[in-house]
Amino acid sequence: MKFFIDTANLAQIKEANDLGILDGVTTNPSLMAKEGIKGQEAVMQHYKDICELVDGDISAEVISTDFAGIIEEGKKLSAIHKNIVVKVPMIKDGIKAIKWFTDNGIRTNCTLVFSAGQAILAAKAGATYVSPFIGRIDDSGWDGMDLIHQLSQIFGVQGYRTEILAASIRNPNHIIKCAEAGADVCTCPLDSILGLLKHPLTDIGLAKFLEDAKKFA
Ligand code: E4P
């Protein structure tokens with residue numbers, strides 16, 4: 001399973017990248033706004049900065065919701081860098097646009113996916129990635145991981161090449177469960193990635209080893 005970081009914060013992207021385990025980055029308009037980026041030029045520059053930091057796929061989301069607008073925006077975003085993946089919302093014009101991008105060699109990430117039906121449409125349109133939102137499904141009282149299991153099964157049986165990119169990750173256990181369920185990619189906040197490092201027995205064990213090491217130092 002590939003690890004993407006789900007943020008537009010350059011310091012966090014750098015910290016995750018420095019670990020040596022990062023395969024890419026996902027952003028969305030809310031994450032960009034959180035960084036205080038304003039204006040088209042600043043947005044484009046920020047994507048460039050992310051591409052310079054990480055050698056992997058970088059999802060950049062369109063904000064248009066009509067076919068012509070999505071295409072125009074997607075073309076500009078994909079021209080920023082070869083690693084840019086155009087993130088398109090799961091709407092009717094979004095699916096049409098994903099098919100157009102597929103036919104024209106532009107890679108896509110279909111976002112805001114909450115059901116198997118939506119994911120099948122994205123795969124049929126040729127999306128590079130499909131992003132089921134695990135945490136938001138959990139927040140609404142359903143089990144987000146059920147969707148990852150279902151997509152893993154369907155995509156396997158059908159031989160879809162679209163990669164399952166588990167998104168809206170809230171904690172380290174989500175990451176583990178996604179790996180178990182067969183997600184191709186998991187995009188995570190930095191805290192959830194770092195949470196994987198932790199186990200109290202590791203801390204206790206290391207303290208004891210360091211204490212004992214003093215006896216022969
Ligand atoms: C990533 O592609 C999604 O935009 C993101 O994971 C959504 O996460 P959230 O539900 O924590 O906002």
Side-chain angles (χ1 to χ4, degrees), residues 1-10 12-13 16-17 22-37 43 46-47 50-51 53-54 56-65 70 73-74 77-78 80-81 83-91 94-95 97-98 101 106-115 118-119 121-123 125 127-148 151 162-179 181 183-196:
M1 186 173 77
K2 287 185 268 187
F3 270 51
F4 288 1
I5 188 165
D6 193 26
T7 183
N9 182 281
L10 297 179
Q12 290 189 12
I13 292 171
N17 197 46
L22 197 65
D23 300 297
V25 180
T26 53
T27 62
N28 64 37
S30 306
L31 294 171
M32 294 291 277
K34 204 168 152 191
E35 297 310 309
I37 301 151
V43 167
H46 201 75
Y47 286 133
I50 295 174
C51 289
L53 272 180
V54 178
D57 285 352
I58 315 295
S59 285
E61 188 160 342
V62 298
I63 49 174
S64 299
T65 53
I70 296 172
E73 245 190 279
L77 289 170
S78 72
I80 295 174
H81 193 279
N83 288 346
I84 290 282
V85 175
V86 180
K87 206 172 174 193
V88 180
M90 165 44 72
I91 52 175
I95 288 297
I98 289 170
F101 287 132
I106 293 175
R107 295 178 311 134
T108 53
N109 173 358
C110 184
T111 189
L112 289 166
V113 167
F114 294 90
S115 75
Q118 292 178 324
L121 273 180
T128 313
Y129 298 104
V130 62
S131 289
F133 276 34
I134 305 313
R136 292 193 197 186
I137 294 175
D138 287 358
D139 293 345
S140 66
W142 299 77
D143 187 350
M145 214 51 67
D146 284 349
L147 182 56
I148 302 295
L151 296 190
T162 300
E163 293 189 43
I164 301 166
L165 194 170
S168 187
I169 296 297
R170 302 271 191 264
N171 55 59
N173 201 37
H174 269 159
I175 303 176
I176 297 163
K177 295 276 179 197
C178 282
D184 299 291
V185 190
C186 200
T187 188
C188 329
L190 181 62
D191 282 355
S192 299
I193 298 175
L194 296 180
L196 292 172

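Note that ligands are numbered from 1 as they come in the structure, with each ligand's atoms numbered from 1 the same way.
When only modelled atom types and interatomic distance are considered, D57 and Y129 share a side-chain donor-acceptor pair under 3.5 Å.
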Donor-acceptor contacts, no H, no angles, side chain residues 22-29, under 3.5 Å, sequence neighbours left out:
{"residue": "D23", "atom": "OD2", "partner": "F3", "partner atom": "N", "Å": "2.7"}
{"residue": "T26", "atom": "OG1", "partner": "D6", "partner atom": "OD1", "Å": "2.8"}
{"residue": "T26", "atom": "OG1", "partner": "T187", "partner atom": "OG1", "Å": "2.5"}
{"residue": "T27", "atom": "OG1", "partner": "S59", "partner atom": "O", "Å": "2.7"}
{"residue": "N28", "atom": "OD1", "partner": "S30", "partner atom": "N", "Å": "3.0"}
{"residue": "N28", "atom": "OD1", "partner": "L31", "partner atom": "N", "Å": "2.7"}

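No donor-acceptor pair closer than 3.5 Å links the side chain of E73 to the backbone N or O of I70.
At a 4.0 Å heavy-atom cut-off, the residues surrounding ligand 1 are D6, T26, N28, K87, F133, R136, A167, S168, R170, listed by chain and number.
The stretch residues 27-36 participates, sequence neighbours left out, in no salt bridge (charged side-chain N to carboxylate O under 4.0 Å, His left out) pair at all.
In this structure, I63 places its CD1 atom where only 12 or fewer heavy-atom neighbours from other residues, nucleotides or ligands lie under 6.0 Å away.
Judged as a salt bridge (Lys or Arg N to Asp or Glu O under 4.0 Å), and not counting sequence neighbours, the contacts of E61 are K87.
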